[in-house]
2 protein chains.
Amino acid sequence: MQIAELVTPAAVVDLERVERNCRAMAERVARLGARLRPHVKTHKTFEGARLSVAGHFGGVTVSTLAEARALLDAGFRDLTWAVPVALDKFERVCELAARAERFAVLVDHPVAAAALERAAASHGRVLDVFLKVDCGYHRAGVDPLAAESVELARTLATSKSLHFRGVLTHAGHAYDARSHAELRAIARAERQGVVGFAERLRAASIRVEEVSLGSTPTLAVADDLRGVTEVRPGNYVFFDAFQARLGSCELGDAAFSVLASVIGCYPARHELVLDCGALALSKDPGARHLDPECGFGVLATLHGMPIRELELVALSQEHGKVRAKQAGVVERFPPGTKLRVIANHSCLAAAQHERYFVARGETLVDEWRPARGW
Amino acid sequence: MQIAELVTPAAVVDLERVERNCRAMAERVARLGARLRPHVKTHKTFEGARLSVAGHFGGVTVSTLAEARALLDAGFRDLTWAVPVALDKFERVCELAARAERFAVLVDHPVAAAALERAAASHGRVLDVFLKVDCGYHRAGVDPLAAESVELARTLATSKSLHFRGVLTHAGHAYDARSHAELRAIARAERQGVVGFAERLRAASIRVEEVSLGSTPTLAVADDLRGVTEVRPGNYVFFDAFQARLGSCELGDAAFSVLASVIGCYPARHELVLDCGALALSKDPGARHLDPECGFGVLATLHGMPIRELELVALSQEHGKVRAKQAGVVERFPPGTKLRVIANHSCLAAAQHERYFVARGETLVDEWRPARGW
């Protein structure tokens, strides 16, 4: 079966690009001397996870317990849940941890640390834990320069019910970088923040096994991972229009797209309507800080070639509105024409779909079902 | 079971508000002399559909064939699919139409009309069809003032394989209104556009049974539906923060929220992190044109009372970042605290969830499963 035969909207994964992206990152991280613990949040599949761990030790990173369950079911045994653990999840965490060889959670607050310790003790388990560190993103994580951060690490390291694995950070602000130079500075700060904190802990006689960092944009530019043991990029498996704009990849590396049909053609206003709206693509605005006119995705032919004359200017729930930059273009795309939309943000777009149609070229070769929800 | 016992993130529907919203719209539309064909796209459930058709004739509007299947399974027999039909869906449309008493689709282009006619003929069926009219939203629909729009209606009306039901419009640009006066002007233009076009068709001896319009914002302000036979609002069943900002409802009418846990608390920067991100709420930016600081939803207590001191300033995939307007606030929300987030756009947020936990007050009384996907 060919892509063109799919009923739209349909999520399409380009397997050759996924394989190429996985190989490139695995080699890059190995060359830099770290272990790759790929994040599966972008694709949420065991198939994608298997491709991304190839050549490394097999550990993975998850963003939800639903992903963790799916990967445990598929035989993965070394998982890190890289979102600060919620206090109502301890029961589930202990159940999943019982199925894994290593199952690590994150904390960054004494209240959560104390509650986690009590839960582990009451289950008679020792739970693996990372201390989340803020390297400038200012989302989650302790301040690596604050004295109480060292004390929180000590609390974790001295607990009988917790196994303190180490420190972990994520430079999510890399997505906001406005230049390659800024991106490189963020990558350096990500490493320095978490490695420096690990050194402070060691100087305070706290054992730190793992020093973990990672985002796709920072790993695309990182040239120094000294002191880092593990990295956790995830988006690179699919990449997307945002990463291409940021310079982490070429648009030709973007492996996730949504196949859509033209359902409206309005030559008088140089516009088309596609049957892929916010529920097929997510409403991610893309890299607007770099290109205010980036639209909600990049239109491409069935072969995956970008169609630069068309812009996806608006999304409503089930409609995607496309505008041509000049007259005489939309007439070439009458109702029934099928196009692909390279998502702005593949993590959010992929999660809108119950299944991905996996293709080599335009031929379908597999179906993957992401572990959605929580 | 109480809301507070749910594992987060969890979609919560306030049943009393849904009932009240449905009753109010049903009465309002009846008072204005039209029939209510509620849109189910916001909740995508037969339960919500049953509540919204009460007091009217039982017809519904759907945005996807998945919704259509779910409603047919639940016994609904009069459906309008209010998105221009894609040419690759004819087979499915004919199958579903065979299960319905009336199943209408939309066209607005001669290519789609001709293809639909061929498909209906080849299935030996007569398919119900509406001509979609553009009343100023400029998304889909024919220009009501163009001569070829009348000719397209005539093509539909004279087809042996199509049953031309009438004309249909949607003033989606009502969501962009900047004032009550502008909203009322859009509501008037929505009615005048579609009613005027119906009159032109009748003057051209084309029979028009139905004149259909509708959006929640325009129906909230409409005071004249003369010439309109059916209206199709949908969002009002849940309402949301966007509609409250627009003036279609009070925030206290918003029936859909996401229960979330505090997973990070950072007093030094007056911030919290919740375990509900873009995948639990969608990335809908809300009514930014009316309030650039509206954030990604409105934070509320478990009781549903808005917490005005906190703003949901950013969403990443699984994290919601909350900022307090002043010092000394976030300390009241330590890790483990549960809050509700009233979604900016309930249609997009609800579709992120596999199930809704339906509550009366804080007590869970039911679970609804939306018909997601396509």
Side-chain angles (χ1 to χ4, degrees), chain A residues 5-10 41 63-64 83-89 92 107-109 111-112 115 132 134 138-141 143 146 172 261-266 268-269 271 273 275 278-280 282-285 314 316-319 321 334-336 338 345 347-348 351-354 372-374, chain B residues 5-10 41 63-64 83-89 92 107-109 111-112 115 132 134 138-141 143 146 172 261-266 268-269 271 273 275 278-280 282-285 314 316-319 321 334-336 338 345 347-348 351-354 372-374:
Chain A
E5 298 169 65
L6 290 170
V7 174
T8 57
K41 78 189 186 83
S63 70
T64 64
V83 175
V85 60
L87 277 63
D88 66 354
K89 309 282 186 314
R92 295 182 182 199
V107 298
D108 69 0
H109 196 283
V111 165
K132 173 80 187 244
D134 180 9
H138 304 324
R139 186 179 64 179
D143 178 351
S261 294
V262 174
I263 56 171
C265 180
Y266 313 95
R269 47 186 161 94
E271 288 179 347
V273 168
D275 65 351
L279 287 190
S282 89
K283 214 157 176 173
D284 197 284
S316 48
Q317 186 165 343
E318 297 293 349
H319 301 72
K321 185 171 177 169
K338 289 186 178 182
H345 188 170
C347 311
L348 299 191
Q352 305 302 309
H353 295 266
E354 188 184 13
R372 302 198 291 168
W374 296 277
Chain B
E5 299 169 65
L6 290 170
V7 174
T8 57
K41 78 189 187 83
S63 70
T64 64
V83 175
V85 60
L87 276 64
D88 66 353
K89 309 284 185 313
R92 294 182 184 200
V107 300
D108 69 359
H109 195 284
V111 165
K132 173 82 186 241
D134 180 9
H138 304 325
R139 186 178 65 179
D143 178 351
S261 294
V262 174
I263 57 171
C265 181
Y266 313 96
R269 45 186 162 97
E271 288 178 348
V273 168
D275 65 351
L279 286 190
S282 90
K283 214 158 177 173
D284 197 283
S316 47
Q317 185 165 343
E318 298 292 349
H319 301 71
K321 185 171 177 171
K338 290 187 177 179
H345 188 171
C347 311
L348 299 191
Q352 305 301 310
H353 296 266
E354 187 185 13
R372 301 198 292 168
W374 295 277

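Just so it is clear, the structure is predicted and the values come from calculations on it, not from any experiment. Only heavy atoms go into these numbers, but all of them, side chains included; no hydrogens, no water, no symmetry mates.
With a 4.5 Å cut-off on non-hydrogen atoms, B/Gln352 touches chain A through its backbone and its side chain both. Contact annotation for A/Ala268: neither backbone nor side-chain heavy atoms come within less than 4.5 Å of a heavy atom of chain B. Interface residue A/Asp134: only side-chain heavy atoms are found under 4.5 Å from chain B. Proximity to chain B (any heavy atom under 4.5 Å) is restricted, for A/Val85, to the backbone atoms N, CA, C and O. Only the side chain of A/Glu271 comes within less than 4.5 Å of a heavy atom of chain B; its backbone N, CA, C and O stay farther away. For A/Lys41, the parts lying under 4.5 angstrom from a heavy atom of chain B are both the backbone and the side chain. For chain B, the nearby parts of A/Val7 are the backbone and the side chain; heavy atoms of each come within less than 4.5 Å. Heavy atoms of B/Ala280 lying under 4.5 Å from chain A belong to its backbone as well as its side chain.
Distance CH2/A/Trp374 to NE2/B/His353: 4.5 Å, rounded to 0.5 Å. In this structure, the separation between NZ on B/Lys321 and CZ on A/Arg139 is 9.0 Å, given to the nearest 0.5 Å. Taking SG of A/Cys265 as the reference point, atom CG of B/Asp108 lies at 9.5 Å (rounded to 0.5 Å). Distance check: A/Asp275 CG to B/Ser63 OG gives 11.5 Å after rounding to the nearest 0.5 Å.
Counting heavy-atom pairs closer than 4.5 Å to chain B, the top residue among A/Pro334, A/Ser316, A/Pro285, A/Gly373 is A/Ser316. In terms of non-hydrogen atom pairs under 4.5 Å with chain B, the most contact-rich of A/Gly141, A/Ala146, A/Gly264 is A/Gly141. Contacts with chain B were tallied for A/Gln317, A/Lys283, A/Arg372, A/His345; A/Gln317 has the most, counting heavy-atom pairs under 4.5 Å. Between chain B and the residues A/Glu5, A/Arg92, A/Glu354, the largest count of heavy-atom pairs under 4.5 Å involves A/Arg92. Looking only at heavy-atom pairs under 4.5 Å with chain B, the residue among A/Val107, A/Leu348, A/Thr64 that has the most is A/Leu348. Contacts with chain B were tallied for A/Cys347, A/Pro9, A/Gly336, A/Ala112; A/Pro9 has the most, counting heavy-atom pairs under 4.5 Å.
A donor-acceptor pair under 3.5 Å links the side-chain atoms of A/Arg269 to the main chain of B/His138, judged by distance alone.
The shortest distance between side-chain heavy atoms of B/Ser261 and A/Leu87 does not fall below 4.5 Å. Side-chain contact check for B/Asp88 versus A/Thr8: some heavy-atom pair is nearer than 4.5 Å.
Between A/Val111 and B/Pro335, the closest heavy-atom pair is CG1-O, 3.8 Å. Taking all atoms of both residues into account, the shortest heavy-atom contact from B/Val273 to A/Ala140 is CG2-N, 4.5 Å.
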